[in-house]
Every structure is written in C-alpha cells, then in structure tokens.
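Values in this document were obtained by computation on a predicted structure and should not be read as measured data. Throughout, protein chains are lettered first and strands after them, A, B, ... in sequence-line order, and every chain is numbered starting at 1.
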Protein chains: 2
Amino acid sequence: MSLRYGILGMLSKWEASGYDIKKEFDEYMSIFWHSHLSQIYPELNKLEKDELISSKLVKQVGKPDKKVYSITDKGRKELMNWLLTPPETLKMKDTFLMQTFFMDNIPAEEVLLKLRMYKKERQQRLEQIKIIMQDRLNSIKERNVMKSRILMSSAVLKRGIEQEMYYLKWCDETIELVEKCKFLWAKEEAARIEHINSQSENKEIQSTASATYTEVEEIFLKYFAGLVEEEK
Amino acid sequence: MSLRYGILGMLSKWEASGYDIKKEFDEYMSIFWHSHLSQIYPELNKLEKDELISSKLVKQVGKPDKKVYSITDKGRKELMNWLLTPPETLKMKDTFLMQTFFMDNIPAEEVLLKLRMYKKERQQRLEQIKIIMQDRLNSIKERNVMKSRILMSSAVLKRGIEQEMYYLKWCDETIELVEKCKFLWAKEEAARIEHINSQSENKEIQSTASATYTEVEEIFLKYFAGLVEEEK
DNA sequence: TCAACCATGTAATAAGTTACATGATTAT
DNA sequence: ATAATCATGTAACTTATTACATGGTTGA
C-alpha cells in the first residue's frame, strides 16, 4: 500500500514520469524505499483510474515521448489523510546480518573476508549519499531558500547518512572483535576433530570445546562499551 | 530465498518446531528479518522434502503435540554454501521515514505529534531489545562459556541496539529542528492564503512564500554537525 | 560496435500478508 | 467468561521480482 503513497507524495513535489519516479526511488528515496519499474507503471495506471493523479503526453526530441503525471486535488487530500495515519511497522530485510548471525558455521578467515567485503559495499553507498547531501546543501545555500519541504527531506537525508555511518562503524568494530577472537574457531575445530577420533569420552571433550568467557571478557566489554549499563 | 536459510541457520543452532522458529524470528532475529507462521510452515515442508531438515513428532502433556525439526548433513552443507555467497542487497521499507519525507504537507503541530509518537514506539522497542541483551550477557557470564556462535549473535545484537539508539537520537534532534523551524509552515500557509485572495500578483507572492536559508542557517548547521565536511 | 540511457509496458513467478479453520490449556 | 498461549496448517489475496518485448539515442 505504501508504494502508492510514495508515488503520490513524490508527485506532490514535482510532476514526473514513471521513469523519473524510479530514478527518485533509486536515489533520494532509496533511504526508506525501493521499487521496480514493472511495479511503478501499473501503480501509476491505478492511481490515474482513481483520479488521484492525471497525465499528459510530452513529446521530446531525441528521446522517446513520455507520460508526465501530476497530482490532483483529490490526490492531495488522499495524501494528507495518509500522512496523519500511523505508519506501518518498519520492515527490515538484512541478508548480510542474517548471514553474520550464522557465521560461526564458516572459518574465521572467511568471516573476516565477508565482513571486509561488506564494509566496502557500505562505504561506497555512504560516499554516494554524501554526494547527494553536499549537492542539496550547496543548492539550498546558493538559492538562499528554505521551505518546510526542504527541511523534512533534509531530515530524512540525515537519517540515511547516519544509518550508513554507524553500519560502517559496526563493521570496523566487528572485524576487530573477530580478529581478536578467532582462536575460538580454531579451538572448536580442534575439539571437533578430537571428537571424531575418540567418541568414547565425548562428555569430557565438550567441556574443552569452548573457551571461557573470562578469556575474552576484556575484549567483549570493550566491544559493548556504551551500550550496557554498568551494574554496581 | 533468504527465509529458507534463516530457518536452516536457526536449525543449525537448535532443534525447533515451526512455532519455536516463529518466536525466534519475533525476538532475536527481528533485528534483521520477520516472517509469518503461514510462510514458515510451508517452507519447513519444502526443506524437509529437499532433505535439508528432518522432523520427529514430540508428544507433550497439557500442550498440543509438536513437530520438531533438525538439520541434516545435507542441510548443513547447503547452509555453509549460502554463507559463502554474497548477501542480497539490504531492503528497507520504512513507512515512517516515507511519511516524514512528505510531512511538509501537514501542519507543523501534526508533524511534531507524529515524531513524538514514533519516538515512543522506537523507545519501547529499544527497551525490549536491551532486556534481551542483558539476559544474554548475564547468561554468558554465569555459565562462563564463549563460543564463536555466541560471538556472532552478540555482534548482530549490538547492531540491533545501535540501530534503535541512533534512530531515537534522530527523533529527538528532528523534533528539536521542527520546533525551531515551525514558522516555515506558518509563512507558507500565510502566502497560500494571500495567493488565493489576490491572484494577480502571484509572482511577487511566491518570493515571500519561503524563508531564506540565512534565517535558519545556524539551526541547520547544528542539526547537520558532524555529518558535513567543513569546506575551507 | 557495444553498452548505457531513455521510455513504457506485460507476463510469469516468487514472496509475503490476512483470513479462515481447528482445538486444547492456562491465566485473568 | 474471556483472552492469551500453544500448535499446525490451508486459501485467498496482495506485493514484489525477474524475464520478456520494443526501439531510438548517446557516448566510449
């Protein structure tokens, strides 16, 4: 349902074609939403049928013609109505974090490799979004205008940048954690091999399979510093 | 596709029923994923048909019987394979941020109301997740064990807490920003009314419709402090 | 010349959500 | 009494993704 309002909101700012809207979803709006063209085009047709938007054909030179949509009064009312409605719960689908959650199943070196690769991905994304922000801030300064619209979209932009910044920071801290604790994988692997070689005394072996918390307490507390309330 | 591996990964840690898995998705795993029972049950059947997991019926007293699933060797191999695979791109669907992006369309007081309400929601979620973390950390300390499994799930937990903490901080800062800048809404509203009353000189009116950047520069720079690189 | 961009769509499939169905137990 | 928890599923529907289809222009 929200895609509908994402498009409607977008058209409350500027007139745009389906293609334009997709670009906005990929750039600025990618902080909170994403969508495919094959979903946007049918949705635009539905919105037009419901008379929340209207279209006009614009002929272009050197480029294919395009259908430019604008919001109607009815559409504006519908948008305002939705804005006063409680939001749907946040839906996160973070496959990388899911993999991380289960990464004890692969060797420590592979874990480090994955974390470093992902860090690069986040870093690139942060650079992208920082460029968008600099451009925006410069344009506001140059034109010397400030509107509630600019204010609210800037707030969202800030959230987007922070999200990336802190994800990146987490990557760094987690790489450090795994580097300091990779002996855990070696210990567990050794215990597994021992377990195969002598299956008779498996109870004794299981107790040596894991390290004690005391061995990593300092590293662990440093990793969680600032998040845990100190108990007295 | 990832739900499949979420379940498989879950079963690489403990044996569980569909109902148990759902609880884990709602609690610990909610940091990176969510799923309904009506999606989990069919997926479990598929996984069993593919021989990645196996089930046994466990009779219970005072409770309905349950089907407890465990991962097979084939399943463990499939999981490891997936773990070495690049993750799908992060998919965020944040309806609240979407609304925020378009909130210039509703009065400033409504914006503040929405921000304050959402802040409470995030706050409650943070409290929940902090309790989960405290329980986890205490149990590790008590039992005095440390395994790579605990390490990796703790890393994910940290990310979850940070996410909530910084979202909450953003709510606070954005509430402050809107409070300081709510005169923008009043100004734009006044200009709109003037525009209706005298449609002849609309060009002149549009120039007074928005405030200048200079009027809010100090507030704006404070809001973005730490995110923007200073230009010399 | 080959990829990328502009531009709009449909069709098939996959994934996710809500509603329906059943039924026992436990806590308020 | 009534709601919540435990437990497993199916059916209908909505949403999202990938593949297919078309075709001109621009830049490397």
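- Both S17(A) and E43(B) sit near DNA chain C, but only S17(A) has its closest nucleotide nearer the 5' end.
- Distance, K56(A) NZ to dT8(C) P: 14 Å, rounded to whole Å.
- Spacing between atom NE2 of H34(B) and atom P of dA15(C) amounts to 14 Å, rounded to whole angstrom units.
- A sub-4.0 Å separation between OP1 or OP2 of dT17(C) and a side-chain N or O of H36(B) is present.
- Within the 4.0 angstrom heavy-atom criterion, only backbone atoms of the sugar-phosphate kind lie near K91(A); the bases stay farther away.
- Protein chain A contacts DNA chain D over a range whose 5' and 3' limits, counting nucleotides with an atom under 4.0 angstrom from a non-hydrogen atom, are dT15(D) to dT25(D).
- Map Q60(B) and S2(A) each onto its nearest nucleotide of DNA chain D; the residue landing nearer the 5' end is Q60(B).
- Rounded to whole angstrom, the span from the CG atom of D20(A) across to the P atom of dA7(C) amounts to 6 Å.
- For the OP1/OP2 pair of dA15(C) and a distance below 4.0 Å, the side-chain nitrogens and oxygens of K93(A) include no atom meeting the criterion.
- Atom CG of D135(A) sits in a crowded spot, with more than 12 heavy atoms from other residues, nucleotides or ligands closer than 6.0 Å.
- Summarising the geometry, the separation between OH on Y5(B) and P on dA15(C) is reported as 11 Å, rounded to the nearest angstrom.
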Where do N or O atoms of nucleotides 22-28 of chain C meet protein N or O atoms at under 3.5 Å, pair by pair?
from    : atom 1 : to     : atom 2 : distance (Å)
dT25(C) : O3'    : G62(B) : O      : 3.4

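- Of the listed residues (I132(A), V156(A), I161(A)), just one forms a side-chain contact (heavy atoms from CB on, under 4.5 Å) with I31(A), and that residue is V156(A).
- Figure legend: K13(B) and F102(A) shown without cation-pi pairing, the cationic atom not lying both under 6.0 angstrom from the six-membered ring centre and within 45 degrees of its axis.
- When each of dC5(C), dA15(C), dA11(C) is scored by its nearest atom to the side-chain atoms of S38(A), the top-ranked nucleotide is dA11(C).
- Ion pair K22(B)/D26(B) flagged as a salt bridge, since at least one NZ, NE, NH1 or NH2 atom sits closer than 4.0 Å to an Asp/Glu carboxylate oxygen.
- Test K119(B), R122(B), R116(B) against D172(B) for salt bridge (charged side-chain N to carboxylate O under 4.0 Å, His left out) and you get one pass: K119(B).
- Both the sub-6.0 Å distance and the 45° axial angle are not jointly satisfied by R143(A) relative to the ring of Y213(B).
- dA7(C) atom C1' lies 14 Å from atom NZ of K22(A), rounded to whole Å.
- The distance between atom OH of Y41(B) and atom C1' of dA19(C), rounded to the nearest whole Å, is 16 Å.
- Between the CG atom of D65(A) and the P atom of dA7(C) there is a distance of 10 Å, rounded to whole Å.
- Tested against P87(A) for a side-chain contact (heavy atoms from CB on, under 4.5 Å), the candidates L97(B), T95(B), T100(B) yield a single pass: T95(B).
- One finds no salt bridge joining E27(A) and K23(A) here, because no Lys/Arg side-chain nitrogen approaches an Asp/Glu carboxylate oxygen to under 4.0 Å.
- Both tests hold for K158(B) against Y223(A): distance to the six-membered ring centre under 6.0 Å, angle to the ring axis within 45°.
- Ion pairing between D20(A) and K66(A) holds under the 4.0 Å rule for side-chain N and carboxylate O.
- OP1 and OP2 of dA15(C) both lie 4.0 Å or more from every side-chain N or O belonging to Q39(B).
- Protein atom CG of L37(B) is 14 Å distant from nucleotide atom C1' of dA19(C), rounded to whole Å.
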